[in-house]
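Just so it is clear: chains get the letters A, B, ... in the order the sequence lines come, proteins before strands, and each one is counted from 1.
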Protein chains: 2
Amino acid sequence: MARPTLRHLAEELDLSITTVSRGLAGYSDVAAATRVRIRETAARVGYVPNSAGQSLVTGRSGFVGLLLPLRDPPVIDPFLGEFLTGLGEGLVARGRDLFLATAQASQSEMEVLQRVVESGRADGLVLTRVAESDARVEYLLDKGFPFVTHGRTIDENLRHCWVDTDGADAFARAFDILYSDGHRDFALVSIDEPQSFRRFREDGLRRAIAARNDPAVSLQQRRTPRFDQQARTQAIYDLLSNDERPTAVLALTDEIALTVLEQAAELDIAVPDELSVIGFDNLPASAWVTPALTTFDQHIRDTAVGLADQLLDLIDGNASNSALSPSHRLIHPDLIQRASHGPAPRRHKESGGEGNRDFMS
Amino acid sequence: MARPTLRHLAEELDLSITTVSRGLAGYSDVAAATRVRIRETAARVGYVPNSAGQSLVTGRSGFVGLLLPLRDPPVIDPFLGEFLTGLGEGLVARGRDLFLATAQASQSEMEVLQRVVESGRADGLVLTRVAESDARVEYLLDKGFPFVTHGRTIDENLRHCWVDTDGADAFARAFDILYSDGHRDFALVSIDEPQSFRRFREDGLRRAIAARNDPAVSLQQRRTPRFDQQARTQAIYDLLSNDERPTAVLALTDEIALTVLEQAAELDIAVPDELSVIGFDNLPASAWVTPALTTFDQHIRDTAVGLADQLLDLIDGNASNSALSPSHRLIHPDLIQRASHGPAPRRHKESGGEGNRDFMS
DNA sequence: GGTGCGTTCCAAAACGTTTTGGATCCTACC
DNA sequence: GGTAGGATCCAAAACGTTTTGGAACGCACC
């Protein structure tokens, strides 16, 4: 027999479809003995409810969707695997499955979004990599569709549920560590795109600098397009071969930090003796490289589990909960101290004094 | 209005549900003018067919499933992101979505498999990381359910569709390169688990050695549990601090190769001058590490696209195609020549002669 | 005028499930 | 003996779609 249905069970048991259905669901409506009989036969023939039938009548698909952004240059998100594993873990614990909606390069992400929402293929959505202001968020809020985001938007942080990494705090901590180690000449190497994670990390650094209120502190900034490795390498090369080379570099991501290490090696700049580098992400490569990169771990997997929980609360509870008091969670990244940072080098000019750093503008 | 249905459209257009449905599907039995009218209104109200209704009547869910193995120690598959991106790419091009079934640690993977197959949530399945003999494959063959696997099983390669990397060939090539560079003392560092990719790679190496038929060639082997990094490091340390240390190490995976590089550095063994190392996988870390690792690129993304194509052919075409002449594809990995391999070092004993290597057993 | 055919439309059934609103029978109680 | 109420079961409707098997109409042809 192909797939057994409720009707097959009903016939075999000489019961009605209703009774079989309610027996399986455990309603007190059906006699205990009958319930046992039903369950036994169901188990024996390996009955599994057809999900299309189920979701047609319940209005629930049992799926949570994730929009998979297919980038124009085919770049693989290094966190995707970890993130998905976490989502899967969080979802399966509460009986849902994950569904990946891939956006073709040709059609816009918004079209895919609409298709998913309107077709009822998913009961809720997870959005990643939100932009500072994000059209997807607006659309979903407008539709009243349950969703959570990994990362915040800038403008209106309170209108929907999110989980985010506290990048501002991490960058402030990184700065404090380096400052305490005597560094005064900083550089920030970042990207050229209005991603909100960039905004928070950069702001965190700037606020930490401002809080010190030390005129000796200088900050150079370099921003290049996110997926243009060549431009990035060039910018870092320029930064490091500069007369006013910084003694400490904060990289927006490990990917950038690794390039900093590479270019430092290229220019025979000793890390960490002459240059301290701190990244963010804790990529696997960061542990293998020499010197091993000091960085922050985002706990991507935990973040994803948290997002799954948040979303399921939204779906299972009252969906309008989102509008009333959306849940937010800021995850505290862990500093992974490794070998790429250390005390500031003595400057070439042995001036001794503190505020007397003539190479600064 | 919530989600518009065919009935809403029909009422608005003063047509029957049938006509609207067939108009949208483009059947010739609705007048061209009507068809245009239908399409216009559908687009205007943003009609998207409800997928539960659709799949209930068509028997197709529109989903392809992937079983996500949740490992007991929570290890993240480093290829998952790339693999999924490829799958998504291959599927979206032909109008399907991907669905991830996570297996809880508690329930066995087989239970999840059965649930997916019987519930009709997926029209086909992708299996990864097949074991030398795999219960999942047996089950699906038995059920006649469409599926493809990434990797082959050992025993019966011809009963189902697969795409695999030609690991045997890669390891043979790696051996030939090292042999031509003068290496005679080899080691293979591998895992302790009956994964079929291990089998093929190891066999490829052994056959290449046999083909040379050179009694001067020796091969030491080390196998440790797959996810026990400590045991692995220890085994590699032992191997390299051994009196009869090899001059060339072939690592089953880059993850292993990186540990070899790490331990070589620990023991002050210069790579590649004193030790050549070749890996397999082309992990991102392998490019960043010093010396950069020579390895093979598996083209995971292309592999995944190929799997998607194969599976959709199976689903859309005749499913029994699988039994008659299942499609196989062997992907040729690319050698990525980097800095971790080179000519064999002169041995300490300057014996000059060829077959006169007294430290060998 | 009847026949046949092509065009355009539609009512109804079907997919498999859950839920609603009883129906039936039995027991207990007055 | 009649009735209330509990226990157990079920027929039918509903979810939204696709497909089957016509129906209705107009036109051309003999």
Side-chain angles (χ1 to χ4, degrees), chain A residues 1-39 41-42 45-63 95 115-123, chain B residues 1-39 41-42 45-63 95 115-123:
Chain A
M1 169 168 42
R3 300 200 186 122
T5 71
L6 278 186
R7 194 153 48 116
H8 296 137
L9 286 186
E11 276 166 14
E12 180 151 351
L13 287 159
D14 209 22
L15 288 169
S16 76
I17 291 180
T18 306
T19 306
V20 177
S21 172
R22 299 183 74 83
L24 286 172
Y27 281 80
S28 62
D29 213 345
V30 359
T34 320
R35 217 152 46 198
V36 170
R37 236 169 31 101
I38 292 174
R39 294 238 169 100
T41 340
V45 304
Y47 170 77
V48 178
N50 176 288
S51 68
Q54 232 167 4
S55 62
L56 188 56
V57 64
T58 60
R60 291 277 169 83
S61 70
F63 280 117
R115 200 172 57 87
V116 172
V117 170
E118 298 286 335
S119 70
R121 291 166 92 81
D123 305 332
Chain B
M1 166 170 43
R3 299 198 187 124
T5 70
L6 278 186
R7 194 153 47 117
H8 296 137
L9 286 186
E11 276 166 15
E12 180 150 350
L13 287 159
D14 209 23
L15 288 170
S16 77
I17 291 181
T18 306
T19 306
V20 177
S21 172
R22 299 183 73 82
L24 286 172
Y27 281 79
S28 64
D29 72 354
V30 1
T34 321
R35 217 153 48 198
V36 170
R37 238 171 26 105
I38 293 174
R39 293 239 168 99
T41 344
V45 304
Y47 169 77
V48 177
N50 175 289
S51 67
Q54 234 167 4
S55 61
L56 190 55
V57 63
T58 60
R60 290 277 170 83
S61 71
F63 279 117
R115 202 173 55 87
V116 171
V117 170
E118 298 287 334
S119 71
R121 289 165 94 82
D123 304 333

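With rounding to the nearest 0.5 Å, the separation of CD in B:Q54 from CG in B:L56 is 11.0 Å. In this structure, B:R22 CZ and B:Y27 OH are separated by 5.0 Å, a value rounded to the nearest 0.5 Å. Annotation: the span from A:N50 atom CG to B:E118 atom CD amounts to 10.5 Å, rounded to 0.5 Å.
Not one N or O on the side chain of B:S55 forms a donor-acceptor pair closer than 3.5 Å with the backbone of B:S61. B:R3 places a side-chain N or O within donor-acceptor distance of the main-chain N or O of A:V117, the cut-off being under 3.5 Å. Side chain of B:S119 to backbone of B:R115: a donor-acceptor contact under 3.5 angstrom is found.
Remark: of the listed residues B:T18, B:T19, B:L15, B:V20, B:V20 is the sole one forming a side chain to side chain contact (heavy atoms under 4.5 Å, CB included) with B:L6.
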- line: Per-nt protein contacts along nucleotides 9-24 of chain C (heavy atom under 4.0 Å; B base, S backbone sugar-phosphate only, - none) come out as BBBB--BBBBBB----
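Over its length, the helix from C:dG1-D:dC30 to C:dC30-D:dG1 turns its helix axis by 70°, as judged from the five terminal pairs at each end, rounded to 10°.
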